[in-house]
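Worth knowing before you read on, the calculation uses all heavy atoms, side chains too, and leaves out hydrogens, waters and symmetry mates.
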Amino acid sequence: PCTYIGHPLADRVAAWRAVDPAPLAHRLSLDPAKPVLLVLPGSRTSEVTRLMQPFGATVAMLVASGITPQVLIPAVPHVRNLIEQQLARWPLPAHVVSGEADKLMAFRLARAALAASGTVTLELAAAGTPMVVAYRVDGLARHLRFLVKTPSIVLANLVLGENAFPEFIQEHCVAEHMAPALAAILADGDARDRQLSALARIPDRLAVPHGSPSSRAADVVLALATRSR
């Protein structure tokens, strides 16, 4: 037996969407006339190693098409050096930021995000940031893909029950696919409007009718503890 208590992020949605990103924009001297693109290549060394090259190629393709975003990359400390090394091959400079406060401000500054599949996609959804999602795995995991039965590997899509946020996995994780998808949500239009509509439904899907996930979890634990006496 199990009890659905909601998602812990439900307690943070309102606060995250109210974050004022102005301090980070000022500190980085961002140009308000240029869109901010958030790039999130993951928190594991293997993810950063596999994704920084195609993510960089995607940015290069955007630049070649006339879109010159200001790139922000939130990085956890243990992969920051690796990310900065890979950035030397990118077509334009990027701002690498660290810490939870800067990450949340970056989420709110971003016109769109290019993200590795993982918990961060649900964090982006909670913050209200449109996104394109991608992932690459190693050779062994690639051959086991037939075991995956879910319609999406994007948590935000699973929460919604629809593939609102495009995902490009393995051989599809290439600039030729990702750049047009990003361009579509960086600009005003149907693709961006559909994502914004989906993002507006996320808070209700994360929440439960009564109480917070934390309080419901506590109630379940207390009820079990009382019953076991």
Looking at every non-hydrogen atom in both residues, tell me the closest pair between [X] and [Y] and how far apart they are.
X: A125; Y: L199; answer: CA-CD2, 3.5 Å
X: P93; Y: V71; answer: O-CB, 4.4 Å
X: L51; Y: A116; answer: CD1-CB, 3.5 Å
X: V19; Y: M105; answer: CG1-CG, 3.8 Å
X: Q170; Y: V137; answer: OE1-N, 2.8 Å

Can any side-chain N or O of [X] pair as donor or acceptor with the backbone N or O of [Y] at less than 3.5 Å?
X: Q86; Y: T49; value: no
X: R192; Y: P130; value: no
X: R111; Y: P35; value: no
X: T129; Y: F107; value: yes
X: S117; Y: Y135; value: no

Does CG belonging to D20 count more than 12 external heavy atoms closer than 6.0 Å?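 Atom CG in D20 is packed in, count exceeds 12.
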Out of curiosity, [X] [atom1] to [Y] [atom2], how far, rounded to the nearest 0.5 Å?
X: L182; Y: M131; atom1: CG; atom2: CE; answer: 11.5 Å
X: D193; Y: Q195; atom1: CG; atom2: CD; answer: 10.5 Å
X: K34; Y: T68; atom1: NZ; atom2: OG1; answer: 6.0 Å
X: L186; Y: L37; atom1: CG; atom2: CG; answer: 6.0 Å
X: C173; Y: I169; atom1: SG; atom2: CD1; answer: 7.5 Å
X: D219; Y: L224; atom1: CG; atom2: CG; answer: 11.0 Å

Is the closest side-chain heavy-atom distance between [X] and [Y] below 4.5 Å?
X: P213; Y: H7; result: no
X: F165; Y: L124; result: no
X: R108; Y: W16; result: no
X: L114; Y: V59; result: no
X: L122; Y: L206; result: yes
X: V97; Y: I73; result: no

Is it true that [X] and [Y] fall in one hydrophobic cluster, defined by side-chain heavy atoms closer than 4.5 Å?
X: I67; Y: V174; result: no
X: V132; Y: V63; result: yes
X: V39; Y: M61; result: no
X: L82; Y: L87; result: yes

Would you please classify the geometry between the H177 ring and the F168 ring as parallel, tilted or perpendicular, with 30° and 60° separating the classes?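 F168 vs H177 ring planes: parallel.
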Test P41 against every option in R50, Q53, M52 by the side chain to side chain contact (heavy atoms under 4.5 Å, CB included) rule and name the one that passes.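 Of R50, Q53, M52, side chain to side chain contact (heavy atoms under 4.5 Å, CB included) with P41 is met by M52 alone.
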So which of L109, L72, V36 actually passes side chain to side chain contact (heavy atoms under 4.5 Å, CB included) with L28?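 Of all the options given, the one that passes is L72.
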Please determine if [X] and [Y] form a salt bridge, counting it only when a charged side-chain N lies under 4.0 Å from a carboxylate O.
X: K103; Y: E123; result: yes
X: D102; Y: R27; result: yes
X: R194; Y: E162; result: no

D31/Q70 under side-chain contact (heavy atoms from CB on, under 4.5 Å): CA gap, chis, key distance, verdict: CA-CA 8 Å; D31 183 349; Q70 300 170 102; 3.6 Å; yes
Please walk me through it: do S43 and E47 pass side-chain contact (heavy atoms from CB on, under 4.5 Å)? CA-CA 7 Å; S43 59; E47 292 173 330; 4.2 Å; yes
In sequence, state the C-alpha distance, the side-chain angles, and the governing distance for R80 and V96, and then conclude on side-chain contact (heavy atoms from CB on, under 4.5 Å). CA-CA 8 Å; R80 179 166 183 148; V96 182; 3.8 Å; yes
